[in-house]
There are 2 protein chains.
Amino acid sequence: MNIGEIARRAGVSRSTVSYTLSGKRPVSETTRRRILDVIDELDYQPNANARALKEGRTRTLGLVIPPASSRLTDMQLDFVASVVDAAARADLDVLLSPSGGDHDRSFERVITGRRVDGVILMEIRLEDARVTRLQQAGLPFVGIGRTARSDGMWWVDVDYATLIARCVHHLADLGHRDVALINRSAELVAAGYGPGHRALAGFAEAVAERGLTGVDYCCADDTLAGEACIRAILREHPEVTAVATINEAALPGIQRALETAGLAIPRDFSVTGVAASHWAENFRPPLTAADVPAIEMGAQAVQLLATSIATPEAPPRQLLLAPAVSLRSSTGPVRVRR
Amino acid sequence: MNIGEIARRAGVSRSTVSYTLSGKRPVSETTRRRILDVIDELDYQPNANARALKEGRTRTLGLVIPPASSRLTDMQLDFVASVVDAAARADLDVLLSPSGGDHDRSFERVITGRRVDGVILMEIRLEDARVTRLQQAGLPFVGIGRTARSDGMWWVDVDYATLIARCVHHLADLGHRDVALINRSAELVAAGYGPGHRALAGFAEAVAERGLTGVDYCCADDTLAGEACIRAILREHPEVTAVATINEAALPGIQRALETAGLAIPRDFSVTGVAASHWAENFRPPLTAADVPAIEMGAQAVQLLATSIATPEAPPRQLLLAPAVSLRSSTGPVRVRR
DNA sequence: ATGTTCGATCGAATCGATTCCGCGAATCGA
DNA sequence: TCGATTCGCGGAATCGATTCGATCGAACAT
């Protein structure tokens, strides 16, 4: 079922079939109709590999994800889903490639095998070898996240520093003087995970600006760790009256531990942070938080990548998103305990 | 940077380069060394499209996922991650294709464009047009899940009927006489979602066998719906003393609503079901449940697909998993309320 | 010394598309 | 009616690999 078969049945040459399909040269209405009929009848579609070989592009983009060993977070899942969705809308296919760990063969295969026209890179670290590799390979790519010095690359990212700062200001406005930051896991931060570092920086700056005292905790991405973290904060810093977090997965634990400690939200303790809206809305009471528009970010990344592929020499574009803090009901005026 | 370039620099013909790479014909040690040196120096990798075109296989498998519009569940995410991981281990790449909704162009492109050697199909319905399509296209595929009549296809699935039946028997052994099933969403079940139907069947059969009375509820995949569902059960069937569920995402809501109602688990109310272990372990108290080995299932699906591709004429193989119910502490002897 | 065998390598065909070049027929203006 | 232009289409080269026969020189037996 190749183009030659179609040509034979329609009584024309292969090139004519190709031109009717692409429309790059006029074809008379009668032969055109005849060819399309045969194509419909045989359910023909051009072989994607042959086409890619000749055209030099694959109409496919690579999506580089962290290895499965580290459970993907909900936010990362949203990225994947929205990238796939946006790509499908643009008639692009998505080739998944786990990287990190022992999966660098997969990454290399995708890069140097010319299987993709461009790459979307998730989970970028402040220093990231994959970015260097892609730049040297000359393959267009867009980061979801960014490295420490990222002027030269295309990316879309969430402005964690600004968002956490806004949360701190919000808490300060409510009279809180002692606040805590619940960050992502210590390993992640130590590995140069950008959001962790930038959230901490924004937290420190806002705390200093408002003359508060702030403590920061690292916390693994699960309910149990969230509980443990709140317990540690209450024990080690009983003066703390509010927390801000970028750790969505810890939220259920935070809620549980505060309940267990007999602290009502927001009467006795305020909670805020940065989280996808479904986390915020499942919190009780609903979480005052900056809602990360993960779905939109994935779509934007595909957009950027498409233009980067189309115009490889164009100067890189960046998109730093800082959605507003949605006031729900998990923060309130400070109230002195005991 | 193609094979011709390598051949020129090494002073040999293209075929010799190809044979050193594939080892399908002997090459003398000296030229072999010379060629490999050039390859290393230039960082050459064969063009995947050209190779696929000639060989007639792509070393790529397609993973068909539900569209992003419906949020993927944690279990589905585990499938995706483990499939990608297992494929990478087998030096296969994974092409993602959303299907359903308006994304059938993507599905068709992957199938008829010969972009993949085989397909893994997620979220199979009892009647599923994609299965028919793949069969008629003659493309090897493995389902994660299965259709109503599934003898003729390859699949790996969880035996929801048996697992839910075991949960019911366990509850009956503890003296419970009135039990409820919390299923997935009504739309999903109405659309012919296999696990929903089979869980219900297993529930009904076990309830009958033990002479219990059982009610079943559909419930959307989120915390809030879980709460609402428990409230409805307590209101409409106050005699119920235990629930079994296959709805992981509803578990936090189930827990919350029971707490709110002043019912202690497992003293006043028992909860059990089928759930990935991290859901079970985040429940409080830890959930007695059959742990779905999603990670293993993804890996098995890749295995099956690989053998199906290698031996297309072999009779289909199936894998029906029924992991044991892990006794944790969310079930206990019945106790009459009021 | 001559014919044979065998190992190492080369040349050319092939996979299935796209695209440039050019040919014949139809159409046009004068 | 004749040369020029246009229109529609076919032929062949090309993309970058794999693979099958063919070749060539060396080693071997007779």
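Being a predicted model, the structure only gives us computed values, none of them experimental. Chain A is the first sequence line, chain B the second, and so forth, proteins listed ahead of strands; every chain is numbered from 1.
- Panel note: side chain B:Thr311, backbone B:Ser308; no donor-acceptor pair is recorded below 3.5 Å.
- Regarding A:Leu53, its CG atom lies at a distance of 13 Å from the C1' atom of D:dT18, rounded to whole Å.
- Summarising the geometry, the separation between CD1 on B:Ile39 and P on D:dA17 is reported as 10 Å, rounded to the nearest angstrom.
- In this structure, B:Arg14 places its CZ atom 10 Å from P of D:dT18, rounding to the nearest Å.
- The closest donor-acceptor contact from the side chain of B:Ser150 to the backbone of B:Met153 lies at 3.5 Å or more, if one exists at all.
- Side-chain atoms of B:Ser99 and B:Arg130 form a donor-acceptor pair, as typed in the model, at a separation below 3.5 Å.
- Between B:Thr31 and the phosphate of C:dA8, there is no side-chain N or O to OP1/OP2 separation shorter than 4.0 Å.
- Taking 4.0 angstrom as the limit, B:Ser28 places none of its side-chain polar atoms (N or O) nearer than this to OP1 or OP2 of C:dA8.
- A donor-acceptor contact under 3.5 Å links the side chain of B:Arg25 to the base of D:dG21.
- A donor-acceptor contact under 3.5 Å links the side chain of A:Tyr19 to the base of C:dC20.
- Taking side-chain N and O atoms only, A:Lys24 has a distance below 4.0 Å to OP1 or OP2 of C:dT19.
- Because its NZ or CZ atom is both nearer than 6.0 Å to the ring centre of B:Trp155 and within 45° of the ring axis, B:Arg146 counts as a cation-pi partner of that residue.
- The residue A:Gly11 sits close only to the backbone: its heavy atoms come under 4.0 Å of sugar-phosphate atoms, none of a base.
- Contact annotation for B:Ser15: base contact, defined as any heavy-atom pair under 4.0 Å involving a base atom.
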For DNA chain C, the dot-bracket pattern of Watson-Crick and G-U pairs whose distances stay under 3.5 Å, | for other-strand partners = ||||||||||||||||||||||||||||||
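- There is a side-chain donor-acceptor pair under 3.5 Å between B:Glu123 and B:Gln76.
- Across the protein-nucleic acid pair, A:Glu55 atom CD and D:dG16 atom C1' stand 15 Å apart, rounded to whole Å.
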